[in-house]
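Single-structure report; data block below.
Order of the sequence lines sets the chain letters (A, B, ...), proteins ahead of strands, with each chain counted from 1. Because the structure is a prediction, the values reported are computed rather than measured.
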There are 2 protein chains.
Amino acid sequence: MKVTINDVAKLAGVSMKTVSRVINKEPSVRKKTYDLVMSAVNELNYQPNIAARNLAGTSSFAIGLVYDNPNAYYVIDMQNGVLSRCKDEGYELVIHPCSYLDDNMQDEFKTMIKRSRLAGLVLTPPLSEQQSIIDMLDELGVQYVRLLSGREGDISERNNCILVNDFAAAYEITEHLISLGHKRIAFVLGDKEHKSTSERLAGYHQALKDHNIEPCDDLLYEGSYSFESGVNGAKELLKDGNPNMITAILGGNDEVAAGALFAARLMNIDIPSELSITGFEDSPFSRQTWPKLTTAHQANDVISEHAARLLFSKARGSRKQDKDIKTTFTPSIVIRESTGPAK
Amino acid sequence: MKVTINDVAKLAGVSMKTVSRVINKEPSVRKKTYDLVMSAVNELNYQPNIAARNLAGTSSFAIGLVYDNPNAYYVIDMQNGVLSRCKDEGYELVIHPCSYLDDNMQDEFKTMIKRSRLAGLVLTPPLSEQQSIIDMLDELGVQYVRLLSGREGDISERNNCILVNDFAAAYEITEHLISLGHKRIAFVLGDKEHKSTSERLAGYHQALKDHNIEPCDDLLYEGSYSFESGVNGAKELLKDGNPNMITAILGGNDEVAAGALFAARLMNIDIPSELSITGFEDSPFSRQTWPKLTTAHQANDVISEHAARLLFSKARGSRKQDKDIKTTFTPSIVIRESTGPAK
DNA sequence: TGCCAGAATGACAACGCTGTCAATTATCTA
DNA sequence: TAGATAATTGACAGCGTTGTCATTCTGGCA
């Protein structure tokens, strides 16, 4: 019934170890031997047993994806990106959602790592930004790659980081609005614990500055990355008697923007003739709102796939950075119907 | 550094095997011995090595979740439900998205099973409905639990099925619309390969019949479970010159309903005064549309948690069905703002 | 008290693979 | 062509558990 490495070795007329070398793509196996083994592998339809590999080897054949993010679209994209790489490499993916507010999260996390002996971890924001987590992983000697909001050359230890340039994205979005004649541009910010929030804010400020527009704190709403926050933020910013004459709102992400859109509708404000709204990320539902959202496209599946690439390359201990791995991503603006000329 | 079962045994002054018995909750361990071992476990913070357990034991400590569903909310809920159970049981979850249209999906699937020696599988629709998959799993001798659309007593082999009563949900939704005075009720159907589509259609038909309303094929649009399909379906059904006088549309699910809402807006049709729209599932974005959707609440995380429960109980070989496991779920209607009296 | 069934525990060999290091073969140099 | 070096290959011992089966306790009963 079940085919083991020994069966393959016997059929190919080589030692078990040589088969092991072949399936692990180790160097110094003669081409002829390689082919011999491979045909035996195919004939028997041999599948190496992951548990045995994990047990015998120094590192395991599984990596973990750790996230604390309520956004389903984001998580699914992350998973799929990492998964596609895992499949190519013959690894398993252990998913680990967790709440970084939870006190024993860190312990639980540690337990998981010890149990599964993961080859490495992909960390997404905001966990990837937590120093205590990073310290723990360093102490445990676990490989990891961090997905971070930041600009090129931002981080000293950037050789295990994948950066998303939210600064540039926000700059570009803001500039787009300015070019449409907007001057009173509000911003419903995401969770302030997220680095992306401060990066996006910085990009927004820089764009205003470069175009000689005075920033104003009254135009900022400190919210979170949720639909509700978008609703509340927009209501607050647009409420009667607000002297700000807001003509555009940047949503912290697409969900927030969708919430703002929702609030605008409640208040009978027409988009985009009376108010322009923008998002970030270009998640599917930025195309499902009415009108569709102008946003900054961020290919999360591609990004996470590169994170996995980087992790594998590190795990293999390759000195030189693999040329195919891109470590900085800059979202680019997608103009749809939620933005228009300032009234 | 790493604590093994031997360290625990030494500290507790018992054999390795006894420790194994304790951590596996096997019977016939004296209370005193049990406590002794447990305190050693705690003192050393011992974590059994999953790989070794998988290798040595007859079945592994991981289950798989297989899905082919583009709906991120659905998938995340499924994952979280199963995951919460896995955590309690000390199992790992291997996620396996796949496309059931893909030709070599089945092979790939088989490969995964052989590699990981999974203790069992949770199958979601539409894969859970495919006989060829079921046959393969039976042949491979793999435990599985199917999530299926169906009514109580529907399926002979229902001891490894969790049923969602889409018939009842559709009946209730349709009846709600009828009670509001609607008579010309259209239905944008989901993928016809999904059993849920035919079940929902049957529930709709039954409700019409019970209220003496003649069904009419012109009111049906054969679409798929996507936003776009909702848009196209509604456009088609509502287009100028359509003599059907439609006053309400059932969306195949919330996405479809959101699409229909979108289309109505494009056509300047007011919801709900001119047209009522409903969804299924009560996914988060049924609360993010404008107006919010009337839909049928379906707790996918609870459902999938029960699927996992059932799987574990089967894997343990318990004869009698665990009393805590619910195997039939009936979604219940949630009335929001997208439905109103027929004009 | 002595004997015995049954409960509790232990010894030891797998599980299927990889790491280490030794043995063999091929290739190159003078 | 001998000798030396490098490239291949193989033997074997683990990796940390659990399954099997043998052994040692218990407590109950005559």
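- Under 4.0 Å is where a charged nitrogen must lie from a carboxylate oxygen, and between B:Lys110 and B:Asp107 no such pair does.
- One finds a salt bridge joining B:Lys87 and A:Glu108 here, because a Lys/Arg side-chain nitrogen approaches an Asp/Glu carboxylate oxygen to under 4.0 Å.
- Shortest non-hydrogen contact noted between B:Tyr34 and B:Val29 is N-CG1, 3.9 Å.
- For the residue pair A:Ala12 and A:Val37, the shortest heavy atom distance occurs at CB-CA, 4.1 Å.
- Comparing the helix axis at one end of the helix from C:dT1-D:dA30 to C:dA30-D:dT1 with that at the other, each defined from 5 consecutive pairs, gives an inter-axis angle of 40° (nearest 10°).
- Looking at residues 46-57 of chain B, you'll see B:Leu55, B:Ala56 sit with a heavy atom under 4.0 Å from some atom of DNA chain C.
- Residues B:Gln79 and B:Asp77 have side chains that never bring a donor and an acceptor to within less than 3.5 angstrom of each other.
- Between B:Ser15 and C:dT9 there is no side-chain polar atom (N or O) within less than 4.0 angstrom of OP1 or OP2.
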**OP:** Report the C-alpha distance between A:Arg85 and A:Glu305 in whole Å, list the side-chain angles of each, state the deciding distance to 0.1 Å, and finish with yes or no for salt bridge (charged side-chain N to carboxylate O under 4.0 Å, His left out).
**Re:** CA-CA 6 Å; A:Arg85 198 76 216 144; A:Glu305 204 234 310; 3.3 Å; yes

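- Remark: nothing in residues 34-45 of chain A comes within less than 4.0 Å of DNA chain D through any heavy atom.
- Atom NZ in B:Lys17 sits about 10 Å away from atom C1' in C:dG10, given to the nearest Å.
- Take A:Asp35 and apply the side-chain contact (heavy atoms from CB on, under 4.5 Å) test, not counting sequence neighbours, and it matches A:Lys31.
- The line from SG of B:Cys98 to CG of B:Asp68 is 5.5 Å long, rounded to the nearest 0.5 Å.
- You'll find the ring centres of B:Tyr91 and B:Phe312 inside the 6.0 Å limit.
- If you take OH on A:Tyr144 and CG on A:Leu147, they are separated by 13.5 Å, rounding to the nearest 0.5 Å.
- The side-chain contact (heavy atoms from CB on, under 4.5 Å) search around B:Ser15 returns B:Lys17, B:Thr18, not counting sequence neighbours.
- Note that OG1 of B:Thr4 and CG of B:Asp7 are 4.0 Å apart. Values are rounded to the nearest 0.5 Å.
- Remark: B:Ser20 is in phosphate contact with D:dT18, judged by side-chain N or O atoms under 4.0 Å from OP1 or OP2.
- A:Ile5 has its CD1 atom 11 Å from the P atom of C:dG16, to the nearest Å.
- Put simply, A:Thr58 has a side-chain N or O that comes within less than 4.0 Å of OP1 or OP2 on C:dG19.
- Judged by distance alone, with hydrogens and angles left aside, B:Lys2 brings no side-chain donor or acceptor close enough to the base of D:dG16 to form a pair under 3.5 Å.
- How far CG of B:Leu311 is from CZ of B:Arg309: 13.0 Å, rounded to the nearest 0.5 Å.
- For A:Arg21 against C:dG19, a side-chain-to-base donor-acceptor contact under 3.5 Å is absent.
- Remark: A:Asn24, A:Arg30 in residues 22-33 of chain A come within less than 4.0 Å of DNA chain C through at least one heavy atom.
- A centroid separation of less than 6.0 Å is found between the aromatic rings of B:Tyr73 and A:Tyr73.
- Residue B:Met16 contributes atom CE, which lies 13 Å from atom C1' of C:dT9 at whole-angstrom precision.
- One can place CG of B:Asp7 at 9 Å from P of D:dG16, the figure rounded to the nearest angstrom.
- Taking side-chain N and O atoms only, A:Thr4 has no distance below 4.0 Å to OP1 or OP2 of C:dG16.
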